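FYI, side chains are in, hydrogens and waters are out, and symmetry mates aren't considered; it's all heavy atoms of this structure. No experiment lies behind these values; they were computed from the predicted model shown.
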Amino acid sequence: QVQMVESGGDLVQAGGSLTLSCTASGFSFGKYAMVWFRQAPGKEREWVSSINFSGRAAVYADSVQGRFTTSKHNANNTLYLHMSSLQPEDTAIYYCATDRIAFRWKDTYDPSDVGYWGQGTQVTVSS
């Protein structure tokens with residue numbers, strides 16, 4: 001069955017950095033674009049970044065552009081999100097997700113585009 005296990009969430013001070021990992025199994029990881037979403041308390045889940053199936057192209061929400069970097073390592077079925085210059089407004093549960101359609105890649109995603117979700121990992125940025 002499909003599993004996506006996230007790790008790396010932590011408490012960090014403003015201005016700090018953190019890298020999240022998402023290790024996938026149970027599906028052909030190399031055939032799917034991967035997506036990061038986040039959800040802050042009391043807010044809707046928002047798209048953060050997506051990377052195409054090959055891992056060669058990524059796009060970012062304006063709120064994280066220039067601070068976050070997504071990478072996809074098909075050889076070990078792992079997705080990463082490196083976050084730098086973190087701010088308190090980045091505090092949220094971060095979720096990795098798959099596109100629900102193989103070989104598709106969109107420049108923005110909403111939850112209806114997702115096939116499978118990870119369980120989420122908490123990132124808290126203190127001021």
Asks: Verify the cluster assignment for L18 and Y80: are they in a single hydrophobic cluster under the rule of side-chain heavy atoms below 4.5 Å apart?
Replies: no
Asks: I need the minimum non-hydrogen distance between A40 and A92, along with the two atoms involved.
Replies: N-CB, 3.8 Å
Asks: Just by distance, no angles: are the side chains of E89 and T91 close enough, under 3.5 Å, to form a donor-acceptor pair?
Replies: no
Asks: Is there a side-chain contact between F27 and T98 in this structure, where contact means two heavy atoms from C-beta onward sitting under 4.5 Å apart?
Replies: yes
Asks: Cation over ring, R38 on Y95, under 6.0 Å and within 45°?
Replies: no
Asks: How about Y32 and F53: are their ring centroids closer than 6.0 Å?
Replies: no
Asks: With a 3.5 Å distance limit and no angle check, can you tell me whether S63 reaches the backbone of A61 through a side-chain donor-acceptor pair?
Replies: no
Asks: Which heavy atom of M83 sits nearest a heavy atom of Y94, and at what distance?
Replies: SD-CE2, 3.9 Å
Asks: Checking I51 against R56 for the side-chain contact (heavy atoms from CB on, under 4.5 Å) test, could you report, in this order, the C-alpha distance in whole Å, the side-chain angles of both residues, the deciding distance, and whether it holds?
Replies: CA-CA 7 Å; I51 189 165; R56 294 196 179 108; over 6 Å; no
Asks: Which distance, rounded to the nearest 0.5 Å, do you find between the OG of S50 and the NZ of K72?
Replies: 11.5 Å
Asks: For D110, which of V114, T108, D113 qualifies under side chain to side chain contact (heavy atoms under 4.5 Å, CB included)?
Replies: D113
Asks: To the nearest 0.5 angstrom, please state how far the OG atom of S85 sits from the CZ atom of R67.
Replies: 6.5 Å
Asks: Is there side-chain contact between W47 and V59, with at least one heavy-atom pair below 4.5 Å?
Replies: yes
Asks: Just checking H82 against F68, ring centres under 6.0 Å apart?
Replies: no
Asks: Mind checking whether T70 and Y60 have side chains closer than 4.5 Å, heavy atoms only?
Replies: yes
Asks: Under the side-chain contact (heavy atoms from CB on, under 4.5 Å) rule, what do S17 and L86 come out as? Steps first, then yes or no, please.
Replies: CA-CA 6 Å; S17 299; L86 283 162; 5.5 Å; no
Asks: Report yes if some heavy atom in the side chain of P111 is under 4.5 Å from a heavy atom in the side chain of F37; otherwise report no.
Replies: yes
Asks: Are any side-chain N or O atoms of D10 and backbone N or O atoms of V12, one a donor and one an acceptor, separated by less than 3.5 Å?
Replies: no
Asks: How long is the straight-line distance from CD of E6 back to CE of M4, given to the nearest 0.5 Å?
Replies: 7.5 Å
Asks: Look up atom OG in S112 and atom CZ in R100, then write down how far apart they are to the nearest 0.5 Å.
Replies: 6.5 Å
Asks: A side-chain contact here means heavy atoms from C-beta on lying under 4.5 Å apart; do N52 and M34 qualify?
Replies: no
Asks: Answer whether the closest heavy-atom distance between the side chains of W36 and L79 falls below 4.5 Å.
Replies: yes
Asks: Does atom NZ of K31 have more than 12 heavy-atom neighbours, drawn from other residues, nucleotides or ligands, at distances under 6.0 Å?
Replies: no
Asks: Minimum heavy-atom separation for N74 and N77, please, with both atom names.
Replies: O-OD1, 3.3 Å
Asks: Indicate yes or no: at least one non-hydrogen side-chain atom of I93 is less than 4.5 angstrom from one of T121.
Replies: no
Asks: Flag the pair T69 / L81 as yes when at least one side-chain heavy-atom distance between them is below 4.5 Å, and no otherwise.
Replies: no
Asks: Please report the interatomic distance OG(S54) to CH2(W105), rounded to the nearest 0.5 Å.
Replies: 8.5 Å
Asks: Look up atom CD in Q87 and atom CD in Q13, then write down how far apart they are to the nearest 0.5 Å.
Replies: 12.0 Å
